[in-house]
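Here is the structure we will look at, set down as structure tokens.
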Amino acid sequence: MNRTPRLRPARRTILGLGAAGIAAAALSHQALADTLNDQELRADLAAPGELWVPSSRLQQNTVLQSFTVDERRGHLYALQVVQGGLRLAGEARTYSHAERVLRGDLCLNRLTLKGRMTGSMYLRGFGHGTAMGMQETVNGPRLWTEWDAHPASGYGRGICRLPFRNGTVLSARSPGLTTFRPVPGSTSNCATLDLGHDRLLLRYRLKSRPRFRVFSLSELQAGSFRPLADFAQPSAHPGPPFQGMALHGEYAYQLLGSAYGPTNPVGARGNARLYRIHWRTGRTVLQIRETTALELYPREPEGLAVSSRRGTRLCMGFTHGNRQDRQFSLYRKPIT
């Protein structure tokens, strides 16, 4: 009686199948972990932020534009456009607020982390104050802002690094500035930093199109403007106005939105949107309706920053109060 021989798989084949199974299982577990992490992150970002710095005021009666944090010294720095009717040292006359916007004249405020004013200075011809960053140097903290306002828009054509000097007035041509033009011919330049990863995030407009670039901070300071990445700003057209950005690790964050009004009613819970963007690919990985501080009025989102003390957190600003009593409050939520 003939019998079909029972074939036994070779030991190498068995080991190969076992390794493949282990690898597949590992990939499956990693995919599950990534999914759970994404879900947890989405839940953290979608939840309203906790109040951090309540109802504070700046030097001028105009709104907060952006802010950054010096956690080592307990300082908060904030930018705003100079109010109308003010005459600064060296000026022949006063200017209206509309003129200050077009000139790119800013007030740089320094506050405690509880929102108490400790000083201010003025930056004439710098820009709109859309974003900023703080860098620790051997000579103390240095602030990064937009610089060299375009006369047709009031937005910066470059970026700069400067020390805070209480009570001083700087112009775009003042000595002591370290200036950069990373994208020649561009406008609407603004920058923020990720010091833990030696990176700078630049937002700019070229041919009227808003884009982002990520640079090595040390290389940029050495004069090399070779970007690590360059990508179009997500949801730029059409969409709510751009209000702030931040950078941490592999991700950039942007905040869009406008104040409550006829086209953005309180009952609709506002139009603020928060984006998490993988900067190496330019792909938006999370987009949520921002529900922080819905009770404020008129609740205009203004500014993003990253706080690293006691856990990495994304900090965001909202302005409120009437024109005679401008205030801002800062909130924060975990991002890792």
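Excluded from the calculations below are hydrogen atoms, water molecules and symmetry mates; all remaining heavy atoms, backbone and side chain alike, are included.
Put simply, the side chain of Arg73 reaches to within 4.5 Å of the side chain of Pro141, judged on heavy atoms. Looking at Gln327 and Asn322, their side chains never come closer than 4.5 Å, going by heavy atoms from C-beta outward. The closest side-chain heavy-atom distance from Glu302 to Gln80 is not below 4.5 Å. In this structure the side chain of Arg157 reaches within 4.5 angstrom of the side chain of Pro151, judged on heavy atoms. Within the 4.5 Å cutoff, the side chain of Leu294 has heavy atoms near those of the Arg299 side chain. Contact check for Trp147 versus Leu177: side-chain heavy atoms found under the 4.5 Å cut-off. Using a 4.5 Å heavy-atom cutoff, the side chains of Phe242 and Arg203 are in contact. Using a 4.5 Å cut-off on side-chain heavy atoms (C-beta onward), Met121 and Val169 make no contact.
Among the candidates Asp194, Ile277, Val285, the single residue satisfying the side chain to side chain contact (heavy atoms under 4.5 Å, CB included) test with Tyr251 is Val285.
Of the possible polar contacts, none joining the Asn189 side chain to the Ile159 backbone as a donor-acceptor pair under 3.5 Å is found.
We find the CG-NE2 distance between Asn61 and His97 to be 8.5 Å, quoted to the nearest 0.5 Å. Put simply, CZ on Phe126 and CG on Asp105 are 10.0 Å apart, with the number rounded to the nearest 0.5 Å. Note that OH of Tyr253 is 7.0 Å distant from NE2 of His248, once rounded to the nearest 0.5 Å. Put simply, CD on Gln65 and CG on Leu58 are 10.0 Å apart, with the number rounded to the nearest 0.5 Å. With rounding to the nearest 0.5 Å, the separation of CG in Leu170 from CZ in Arg124 is 9.0 Å. For the atom pair CE of Met245 and SG of Cys190, the computed distance is 4.0 Å after rounding to the nearest 0.5 Å.
Heavy atoms only, all atoms of each residue included: Leu217 and Leu200 are closest at CD1-CD1, 4.0 Å. Minimum heavy-atom separation, Ser258 to Pro301: O-CD, 3.8 Å. Scanning both residues, Lys333 and Gly49, for their nearest heavy atoms gives CE-N, 3.8 Å.
Trp279 and Leu206 end up in different hydrophobic clusters when Ile, Leu, Val, Met, Phe, Trp and Tyr side chains are linked at under 4.5 Å. Taking hydrophobic clusters as Ile, Leu, Val, Met, Phe, Trp and Tyr residues chained together by side-chain heavy-atom distances below 4.5 Å, Ile335 shares a cluster with Leu304. Leu143 and Val69 fall into different hydrophobic clusters, where Ile, Leu, Val, Met, Phe, Trp and Tyr side chains are chained together by heavy-atom contacts under 4.5 Å. Tyr122 and Leu108 are assigned to two separate hydrophobic clusters, defined by single-linkage of ILVMFWY side chains at heavy-atom distances under 4.5 Å. No continuous path of ILVMFWY side-chain contacts below 4.5 Å connects Leu193 to Tyr77, so the two sit in separate hydrophobic clusters.
Stacking of Arg226 on the aromatic ring of Phe215 is not recorded, the 6.0 Å distance cut-off and the 45° axial limit not both being met.
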Step-by-step salt bridge (Lys or Arg N to Asp or Glu O under 4.0 Å) determination, Glu71 to Arg310: CA-CA 11 Å; Glu71 294 178 289; Arg310 297 177 183 175; over 6 Å; no
Intermediate values then yes/no, salt bridge (Lys or Arg N to Asp or Glu O under 4.0 Å), Asp70 and Arg72: CA-CA 6 Å; Asp70 180 352; Arg72 176 181 171 185; over 6 Å; no
Check against side chain to side chain contact (heavy atoms under 4.5 Å, CB included), Val306 and Cys315: CA-CA 6 Å; Val306 172; Cys315 310; over 6 Å; no
Pair Arg213-Asp230, salt bridge (Lys or Arg N to Asp or Glu O under 4.0 Å): steps then yes or no: CA-CA 4 Å; Arg213 279 192 184 183; Asp230 185 294; 2.2 Å; yes
Evaluation steps, salt bridge (Lys or Arg N to Asp or Glu O under 4.0 Å), between Arg280 and Glu250: CA-CA 7 Å; Arg280 293 189 188 276; Glu250 295 296 297; 2.6 Å; yes
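The aromatic rings of Phe180 and Trp144 sit parallel to each other, their planes meeting at less than 30°, with 60° as the upper class boundary. Ring pair Phe212/Phe231 is tilted by interplanar angle, where 30° to 60° counts as tilted.
More than 12 heavy atoms of other residues, nucleotides or ligands shown are found within 6.0 angstrom of CZ on Arg289. Within 6.0 Å of CZ on Arg209 lie no more than 12 heavy atoms contributed by other residues, nucleotides or ligands.
One finds a salt bridge joining Arg100 and Glu91 here, because a Lys/Arg side-chain nitrogen approaches an Asp/Glu carboxylate oxygen to under 4.0 Å.
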